[in-house]
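Just so it is clear, the values below take in all heavy atoms, side chains as well, and ignore hydrogens, waters and symmetry mates.
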Amino acid sequence: MKKLFYNIRTISLLFLIVKTANAQRFSYPDVLNLKTTISDSHNILPSVFSDLGAWHAYALPSDNKEYGGFVGPLVMDMNGRWLSNNFAQLSLMKDGKLMDLTKADASVHYYPGLLYQKLKTEDLEITIQLIFVSNRKALIKTEIKNMRGFSVKIKPLFSGDVLLKDVVVLKNTNGVTVDIPKNEDRFYIHYTSKGIAAIKITDSSYNTSFSEINIKPGGSHSIVQEQGYYPVDEKIPETKYQSFDEELKKNEFRWNGYLKNYFLHTRNLDSKLKRLAVKCLVTLNTNWRSPFKDIHHDGVFPSLNYQGFYGVWSWDTWKQAVGLSFFNSWLAQENIRCMFDYQDKHGMVADCIYTDKSENNWRDTKPPLAAWSVWEVYLQSHDKKFLREMYPKLVAYHEWWYANRDHDQNGLCEYGSTDGTRIAAAWESGMDNAVRFDSAVMVKNNDHAWSLNQESVDLNAYLYAEKIFLSKIAGALGNTKNEMHWKHQAAELKPEINRRFYDKKAGYYFDRLIDKSAFINAEGPEGWIPLWARIATEEETAGVAKIMGDGKKFNTEVPLPTLEADHSKFNPKKGYWRGPVWLDQFYFGIVGLRNYGYSKLADEMVSKLIKNAEGMLTDFPVHENYHPLTGEALNASNFSWSAAHILMLLRKYDNEKYHQSLR
């Protein structure tokens, strides 16, 4: 496996161009509630902290019995499992007696990029900090300060119990190692500080004791440990001394750079909206995974809080990359490369990929938003080398659609699958169980391609937009011939989409059966994608905007559900794409309205989303989707594309109108 040198990568992130002031991480404590206690190794619902693409994560203790360490680690290869509730819990012997840290005055916080714990007793002040220093390794510093006017003798101890079964706890030179045979992974602790007296292993637990130290009045003693998680085919680097304080400075500079970069692109957001933005930023960062086994570039999980999302998805990636580009354009580029690593010789991009490539889903792809993503990332990075790298891949992907998903070769495409199954074809739309597909059947295109028997308006609007973005990319690269080629194709497609999919009587866009005149009459977000793509005329837009603004249909408590609220099959609680508000489709709808001058309606809808969607302005995680009538957060928490689209919305959001809406 290719080795990655994250020290170089981290240093490169230190030189982010930042121009705004007062974007300091200590201004944003606890934007997410990370306090928890773990007794079930499979309970991955709590919010956690990870960084730099590491495959392990931590949380904060919620119980005074767990003071002296951090909850975890959670390890995330193939699925998420907690190795321990606290695998390095501190105990202290003072003057030969065990101290009761449960009675300490505790301050426990999560700052962007940092877990922090301070315990105060009558005699001591104990500060514990955790940061990640690479894609495999975290550093934890425990500092014990004597607050008395006389010397005290302290003997530190660290211990931990493993929750997982079928693992082996072993002693190593500087600490302990846990072998996880099922995953072919290893977790280890190395103490970089001297003074280890003994390490004892008992079945699934360990105890590390240090020699007794004498701390003078006002003096302090520190112990630093590495905690790392590696696949077995990667050699664990030899432990070398790393100054925690120097690494902490780098960490703080990098995170302050993320914050400054994002807020450079926003209006004067108030403190609540800034905290929402930071919550979304850390959500994306915690879902960041680095190259690991069969994943060859850095990618982003949809959510590490749901076992079914322990991989990297294509259209999730296109959206996440745009959100990432506002504060970390390097990671946005890597995220896109991650999916294109698995582009096949025909141009198809897999639906999703995993650390075990035999699990990759090649039964379908996802809606074509890759060129949009690449262009949006370029607008932040100004990296033409990246454009040159991606352009031929984007062209191949675009042309794949017309070669494999245009059953009657009329220039209008359908969603489909490679195995002829309807379920995979519905997955390809991204709207897995949308009502518009209820009566669809499969038709064969070639030996490796089938289509649904309906042409979808959103798919063809996305393809139109891709032509526009391909023309922009070609133009930026100085390829005038290709620039004009894509513009010409887009100009030809635009009237065909309006002619084929817009129902003048209903005033809305609908899918249609192949070679049939009847519309598939179910109003969903596919009907406003032509507004996002700037395909609609003013007349057509007026019809769509009227329906979007109808309180009985789409202008609900949380606006723009994935099915009109007055439809007989509207079911937000159980219908994954039959009513919940998904923030990607919400975003496309808002941009579509603004494209045609309906900014007042768009601003009102954004206000309603922020005000009424559960937990938006608290330390509650952003979710996969929301109930349009009650605002209840639904399905997976800490959802990446929700976070990405909120970051997009806040960049354009009128703060004054937000204040007015809450008065």
Side-chain angles (χ1 to χ4, degrees), residues 276 280 302-303 306 319 429-438 458 506-510 521-529 531-532 543-594 598 600-618 620-646 648-650 653 657-658 661-662:
L276 172 59
C280 293
S303 167
Y306 178 66
K319 301 163 190 175
S429 75
M431 302 183 186
D432 308 347
N433 67 336
V435 169
R436 59 178 162 144
F437 302 125
D438 280 0
D458 54 336
Y508 206 70
Y509 288 92
F510 299 100
N521 195 1
E523 293 170 353
E526 62 277 1
W528 59 69
I529 300 302
L531 277 63
W532 170 78
V544 175
K546 181 179 179 180
I547 290 174
M548 293 174 72
D550 187 338
K552 294 181 180 179
K553 290 183 177 291
F554 290 110
N555 199 1
T556 45
E557 187 79 356
V558 178
L560 303 184
T562 46
L563 182 66
E564 55 189 311
D566 57 357
H567 197 284
S568 61
K569 295 183 179 179
F570 177 77
N571 188 357
K573 287 288 285 188
K574 296 182 180 180
Y576 202 45
W577 283 90
R578 294 177 178 236
V581 176
W582 288 76
L583 295 192
D584 62 329
Q585 303 303 308
F586 179 92
Y587 172 81
F588 293 140
I590 295 301
V591 173
L593 290 171
R594 286 178 175 153
Y598 291 84
K600 181 179 179 181
L601 177 58
D603 290 340
E604 289 173 354
M605 287 181 168
V606 175
S607 295
K608 291 174 74 173
L609 170 75
I610 293 171
K611 182 180 178 180
N612 298 331
E614 183 181 5
M616 278 284 173
L617 298 177
T618 72
F620 192 74
V622 293
H623 272 245
E624 188 172 4
N625 39 54
Y626 294 86
H627 197 296
L629 305 183
T630 67
E632 179 185 357
L634 302 173
N635 296 303
S637 61
N638 292 300
F639 197 70
S640 289
W641 93 32
S642 295
H645 283 288
I646 292 170
M648 295 178 216
L649 287 164
L650 291 179
Y653 193 48
K657 289 178 181 176
Y658 159 75
S661 73
L662 296 184

Contacts of Asp566 meeting side-chain hydrogen bond (donor to acceptor under 3.5 Å, both in side chains) (sequence neighbours excluded), chain-then-number -> Lys553

Hits for side-chain hydrogen bond (donor to acceptor under 3.5 Å, both in side chains) against Gln585, two or more places apart or cross-chain, chain-then-number order -> none

Counting C-beta onward and ignoring hydrogens, is there a side-chain heavy-atom pair between Glu523 and Ile547 closer than 4.5 Å? yes

Just wondering, do Tyr508 and Glu564 contact through their side chains at under 4.5 Å, heavy atoms? no

Trp582: partners by ring-ring contact (aromatic ring centres under 6.0 Å, His included), with sequence neighbours left out: Tyr576, Trp577, Trp641

Residues at least two apart in sequence or cross-chain that pass salt bridge (charged side-chain N to carboxylate O under 4.0 Å, His left out) with Lys569, listed by chain then number, are Asp438

Taken in chain and number order and not counting sequence neighbours, the residues that satisfy side chain to side chain contact (heavy atoms under 4.5 Å, CB included) with Thr556 are Pro561, Ala565, Pro628, Leu629

List for me each residue that meets side chain to side chain contact (heavy atoms under 4.5 Å, CB included) alongside Asn555, sequence neighbours excluded, and say none if there are none. Pro559, Leu601, Met605, Lys608

Tell me, which pairs form a ring pair (Phe, Tyr, Trp, His ring centres under 6.0 Å) where one or both residues lie in residues 551-572, sequence neighbours left out? Trp528-Phe554

Is there side-chain contact between Leu649 and Leu609, with at least one heavy-atom pair below 4.5 Å? yes

Can you name the residues that form a side-chain hydrogen bond (donor to acceptor under 3.5 Å, both in side chains) with Asn625, not counting sequence neighbours? Asn635

Hits for side chain to side chain contact (heavy atoms under 4.5 Å, CB included) against Ser640, two or more places apart or cross-chain, chain-then-number order -> Leu284, Asn287, Val300, Gln320

Under the ring-ring contact (aromatic ring centres under 6.0 Å, His included) rule, collect the residues that match up with Tyr306, sequence neighbours excluded. Phe309

Could you tell me which residues satisfy side-chain hydrogen bond (donor to acceptor under 3.5 Å, both in side chains) with Asn571, sequence neighbours excluded, listed by chain and number? none

Contact check, side chains of Pro525 and Asp458, non-hydrogen atoms, under 4.5 Å: no

According to side chain to side chain contact (heavy atoms under 4.5 Å, CB included), who are the partners of Glu632, at least two apart in sequence or on a separate chain? Lys573, Glu614, His627, Thr630, Leu634

